[in-house]
Amino acid sequence: MMAMGQFTDHRRFQSMNGQGKILKVVDIVVVIVIVISFLLFWLLGQSDHLSGYVEVWKDGQLVMVLRQDGRYELRSKDRHVMDIVLADGKVHVENSDCPLKICERTGKVGPNGTIVCVPNKVVVKFVGKSEVDVMTW
Amino acid sequence: MRSRRVALNSLFISLGIAIYVVESFIPFPFPNGKWGFSNFVVLLSIALFGAREGLLVAIGKSFVGSLVTGHFLDVAFFMSVLGSVSAALIEAVAFKTKVFGLVGVSILGSVTNNFVQTCVGVVFVGSKAIFWLFPYMMVLGLPGAFANAYIAGKVIPRVQKTDFGVFVSAQEEDTKHAVQRFRDSSPQNPRNARRKCHPHS
């Protein structure tokens, strides 16, 4: 290094005492913080991947709002109407007492989907942003 | 010395533009994503010359790079310019504090870049859903940032040692003097015909 001293002027570059180091302990801390925060975000997103909620309307009135997975029974005047099942970010209807079972045959419905049961005057609406919206951007 | 600075800055900017354009052909596991290798030039510039030069390189590469790739004055352009300028600012500050190594400086810049790009995206598209992309962008930016820091760490000592292969030293403001000395030692000089001389070795 000193062999070329006559052609080299170290003062031209800003002084870098100990700054040219590639990796310092602080850097590892920075990486760990970033990775942990990402993992936290990811795990939270996993448990709460439902990007919306389900509204259940009966006779033109909002009777239920479902936000968590599970099986919900819809009753009207102490009469069983149907079971609404919310699982894996989709909602479907089971055990409806209507004659044609069109609501059951609608199958599983995701965000922005709707299930309608005409005889019971029930509308099951999945309100929320679909995640596809984000990915296409 | 001013002309030397101008020449080196232009060299760095053009290097940044070249990497900026070429890296858009490298596949990235994310739509519209980039590895961010062009920020290597910004990092190098900050480490070698300082904050002002780093900012200059960041602005220059984003402006001309987006002209070349055909993104001038659209959303991607503002994301690129604002992202890399703020990244350069943060990198310069992080470098000045002398707390971080090059990897830390580079990663901070990458995270800043992604954050500002996300903010610009939210403002332009008008949907806060874009914020959900930020954590993924942050993690996907890590390998590029790490690579930049590694390469910069390998380049910096070499550049400091050889001064880009430029033989004129700052102590000799009289350039002629140095040129004369170079000629004296050059093999082209008939006086040195027998002698193999390399001014850099």
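Below, read A as the first sequence line, B as the second, and so on, with proteins coming before strands; counting in each chain starts at 1. Fair warning: this is a prediction, and the values are worked out from it, not measured in the lab.
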Q: Of all the heavy-atom pairs spanning B:K98 and A:K24, show the shortest one and how long it is.
A: O-NZ, 3.2 Å
Q: Would you indicate whether B:R158, at its atom CZ, is surrounded by more than 12 heavy atoms from other residues, nucleotides or ligands within a distance under 6.0 Å?
A: no
Q) If you look at every heavy atom in B:P135 and A:F38, which pair is closest and at what distance? A) O-CD1, 3.4 Å
Q. Hey, what do you get for CD1 (A:I34) to CG (B:L108), rounding to the nearest 0.5 Å?
A. 7.0 Å
Q.
If you count heavy atoms of other groups shown closer than 6.0 angstrom to NZ of A:K101, is the number above 12?
A. yes
Q) In this structure, are over 12 heavy atoms from other groups packed under 6.0 Å from A:R75 atom CZ? A) yes
Q. What closest approach, in Å, do A:L23 and B:F146 show between heavy atoms, and which atom pair accounts for it?
A. CD1-CE1, 4.4 Å
Q. Using non-hydrogen atoms only, which part of A:V29 is less than 4.5 Å away from chain B: side chain, backbone, both, or neither?
A. neither
Q) So do the side chains of B:I107 and A:V31 get within less than 4.5 Å of each other, counting heavy atoms only? A) yes
Q.
What part of B:Y136 gets within 4.5 angstrom of chain A, counting heavy atoms only: side chain, backbone, both, or neither?
A. both
Q: Provide the closest heavy-atom pair for A:V35 versus B:L142 in the form atom of the first, atom of the second, distance.
A: CG2-CD1, 4.2 Å
(Q) For A:I22 versus B:Y150, what's the shortest heavy-atom pair and its separation? (A) CD1-O, 3.8 Å
Q. Got more than 12 heavy atoms from elsewhere within 6.0 Å of CZ, B:F115?
A. no
